[in-house]
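Naming convention: chains lettered A, B, ... in sequence-line order (proteins, then strands); numbering from 1 in each chain.
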Number of protein chains: 2
Amino acid sequence: MYAADADAGVDADTRDRSGERPMTNEERSDATRTRILDAAIARFTFEGYDATSVADVCHAAGVSKGAFYHHFDTKQEVFVALLEPWLAELDAAVTEVLAREESAPRRLIHLATLVNRVTAEGRGRIPMFLEFWRQAAKDPSVWHVTVEPYRRFRASFVRLVNEGVDEGSLRPVDPDLTALVLVSLGVGLVLQGALDPECAARGDLGERAIALLLDGISSGGTP
Amino acid sequence: MYAADADAGVDADTRDRSGERPMTNEERSDATRTRILDAAIARFTFEGYDATSVADVCHAAGVSKGAFYHHFDTKQEVFVALLEPWLAELDAAVTEVLAREESAPRRLIHLATLVNRVTAEGRGRIPMFLEFWRQAAKDPSVWHVTVEPYRRFRASFVRLVNEGVDEGSLRPVDPDLTALVLVSLGVGLVLQGALDPECAARGDLGERAIALLLDGISSGGTP
DNA sequence: GCGTACATACCGACCGGTCGGTTTAATTTA
DNA sequence: TAAATTAAACCGACCGGTCGGTATGTACGC
């Protein structure tokens, strides 16, 4: 979603790169904001939130501290702003999966591996994922941003399990419990990847793990 | 393992509480060290590693900074020293479970809920758990302390699954994969608890979740 | 008296955030 | 259209405070 680093050209000047036309205020603003976000996510990812100073971000973004605080009230606001597109991305992926014309178990597999996909993309996002969890567990305002998408995520699992039970492709299991298991498994797999490189290397492992689980609660032949 | 707080008597004087006998140097040393560790784990748990200053710890322990740095070279060394008994606790619990005279699936349930038990005890340990994971993912020295016990933990799952398959109480599943699933599930459940208070409130949820999973891969009647 | 165990005062670095001032775009006026 | 005015975007020095860590001095077991 965001570029890796913004150390490149410090040419966020008043003219855009094509040539002579002065940038509008809005363009200028957007550009700066983006540079800050780009730099911030790179730093937060690889150094952690606390270890990243605002000055660091500003330097990497080629932007002054004044500009930074012109766009964001606090450092944490940047973090939240970073979270939002991420959660949106997950949300979009979820609705896409839900809409597929596949059996419930198959869609459940895809759903459960989404966390892994969205998170592990590019390998660098895992620390950011941890960071996010920590902040959410600690800071109420971050938690609040998080909790709604999370509930939706869980809910879509419940819905799919219900569907599966109804259409008979799943044994009559407790939907809430099963949803919890699937979400936990997805999240847990990400953490395993963070701790154990061998685990992270095997990308399809998550899919196989979840398939194993689903196979257990499926009724009859391979779904 | 450690007391909640050490704010109580600042009587780590040169005489022990019973009366008149002067404390040995070793006794004095041990006592101070313990107070520091007690205070540190309380702070790390409820405030987080970064948010806890060495001065905080010293104050809570009723100890000077000089004493602190006499016993530990760095702040992180305290963190690692805190990790060790925790991991030892987990290790001990694991061997205890392994030695039980129960069916493999039952022991697997206990094993998988161990993370939850050891971690969630008193509710406050979850942030500490997250903290530990972050540090491990970031800092090689912390990771190193972590990795061995972790491997043992995983290995005991594999062993149990193998046992279960051999004795016929489990379907012939892939042991490595199944172990990964169980560990991930355990870890994931802890994270769920950190994010969702409702989830954390229901203490038995973890057990039920894992039972559900195991039921899926069990062969025949309730194990 | 000699070394270990601690206490205190202190250091330099750095932190998130502020503020007065400058540059640039947008708008009004003539 | 060009000058004058306003408003938004941005700059960077600076603030009070905190941080992890150190240097020096003292008290007590041995």
Side-chain angles (χ1 to χ4, degrees), chain A residues 6 10-16 20-37 39-40 43-44 47-81 135 138-139 141-142, chain B residues 6 9-16 20-37 39-40 43-44 47-81 135 139 141-142:
Chain A
V10 189
D11 52 12
D13 254 35
T14 170
R15 347 217 120 244
D16 65 354
E20 285 315 306
R21 179 179 64 83
M23 288 171 91
T24 38
N25 262 350
E26 198 184 339
E27 283 170 337
R28 212 151 65 104
S29 221
D30 284 356
T32 305
R33 214 187 131 89
T34 302
R35 309 177 106 230
I36 291 173
L37 288 174
R43 296 293 172 150
F44 289 167
E47 313 289 337
Y49 178 83
D50 288 311
T52 302
S53 71
V54 174
D56 279 345
V57 174
C58 291
H59 180 78
V63 152
S64 73
K65 233 173 176 185
F68 182 98
Y69 280 103
H70 178 72
H71 287 280
F72 302 96
D73 283 342
T74 64
K75 179 186 172 186
Q76 190 170 90
E77 200 175 296
V78 177
F79 186 78
V80 172
Q135 299 288 332
K138 200 170 57 176
D139 190 299
S141 77
V142 174
Chain B
V10 189
D11 50 14
D13 254 35
T14 171
R15 345 217 125 243
D16 65 354
E20 284 317 303
R21 180 176 65 82
M23 286 173 91
T24 333
N25 258 352
E26 197 184 339
E27 283 171 339
R28 215 150 68 101
S29 224
D30 283 357
T32 306
R33 213 186 131 88
T34 302
R35 309 179 103 222
I36 292 174
L37 288 173
R43 295 296 172 147
F44 288 167
E47 314 288 338
Y49 178 82
D50 288 311
T52 301
S53 72
V54 174
D56 280 345
V57 174
C58 291
H59 180 78
V63 151
S64 73
K65 236 175 173 184
F68 182 99
Y69 279 103
H70 177 72
H71 287 280
F72 303 95
D73 283 342
T74 64
K75 179 185 172 188
Q76 193 174 84
E77 201 175 294
V78 177
F79 186 78
V80 172
Q135 300 285 336
D139 190 302
S141 76
V142 175

Rounding to an integer number of Å, can you tell me how far [X] [atom1] sits from [N] [atom2]?
{"X": "A:Phe68", "N": "C:dG16", "atom1": "CZ", "atom2": "C1'", "result": "9 Å"}
{"X": "B:Arg35", "N": "C:dC6", "atom1": "CZ", "atom2": "P", "result": "10 Å"}
{"X": "B:His59", "N": "D:dT18", "atom1": "NE2", "atom2": "C1'", "result": "16 Å"}
{"X": "B:Tyr69", "N": "D:dT22", "atom1": "OH", "atom2": "P", "result": "7 Å"}
{"X": "A:Gln76", "N": "C:dC15", "atom1": "CD", "atom2": "C1'", "result": "16 Å"}
{"X": "B:Asp30", "N": "D:dG29", "atom1": "CG", "atom2": "C1'", "result": "15 Å"}
{"X": "B:Arg33", "N": "C:dC6", "atom1": "CZ", "atom2": "C1'", "result": "16 Å"}
{"X": "A:Asp56", "N": "C:dC14", "atom1": "CG", "atom2": "P", "result": "10 Å"}

Pairs: protein N or O with nucleotides 1-5 of chain C N or O, under 3.5 Å:
{"from": "C:dA5", "atom 1": "OP1", "to": "B:Ser29", "atom 2": "OG", "distance (Å)": "3.4"}
{"from": "C:dA5", "atom 1": "OP2", "to": "B:His70", "atom 2": "NE2", "distance (Å)": "3.1"}

Going from [atom1] on [X] to [atom2] on [Y], what distance comes out if it is rounded to the nearest 0.5 angstrom?
{"X": "A:His59", "Y": "A:Ser53", "atom1": "NE2", "atom2": "OG", "result": "10.5 Å"}
{"X": "B:Cys58", "Y": "B:Arg43", "atom1": "SG", "atom2": "CZ", "result": "11.0 Å"}
{"X": "A:Phe72", "Y": "A:Leu37", "atom1": "CZ", "atom2": "CG", "result": "4.0 Å"}
{"X": "A:His71", "Y": "A:Thr32", "atom1": "NE2", "atom2": "OG1", "result": "4.5 Å"}

Quick one: closest heavy-atom pair of [X] and [Y], and the distance?
{"X": "A:Arg33", "Y": "A:Ala81", "value": "NH2-CB, 4.2 Å"}
{"X": "A:Asp56", "Y": "A:Ala51", "value": "OD2-O, 4.1 Å"}
{"X": "B:Phe68", "Y": "B:Lys75", "value": "CZ-CA, 4.4 Å"}
{"X": "B:Val57", "Y": "B:Thr52", "value": "CG2-CG2, 3.6 Å"}

* State whether B:Ser53 places a side-chain N or O below 4.0 Å from either non-bridging phosphate oxygen (OP1 or OP2) of D:dT18. =>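 For D:dT18, neither OP1 nor OP2 has a side-chain N or O of B:Ser53 closer than 4.0 Å.
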* Would you please classify the geometry between the A:Phe79 ring and the A:Tyr49 ring as parallel, tilted or perpendicular, with 30° and 60° separating the classes? =>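 Geometry flag for A:Phe79 against A:Tyr49: perpendicular rings.
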Produce the list of close N/O pairs, under 3.5 Å, pairing protein atoms with atoms of nucleotides 7-11 of chain C; give distances to one decimal.
{"from": "C:dA7", "atom 1": "OP2", "to": "B:Ser64", "atom 2": "N", "distance (Å)": "2.9"}
{"from": "C:dA7", "atom 1": "OP2", "to": "B:Ser64", "atom 2": "OG", "distance (Å)": "2.9"}

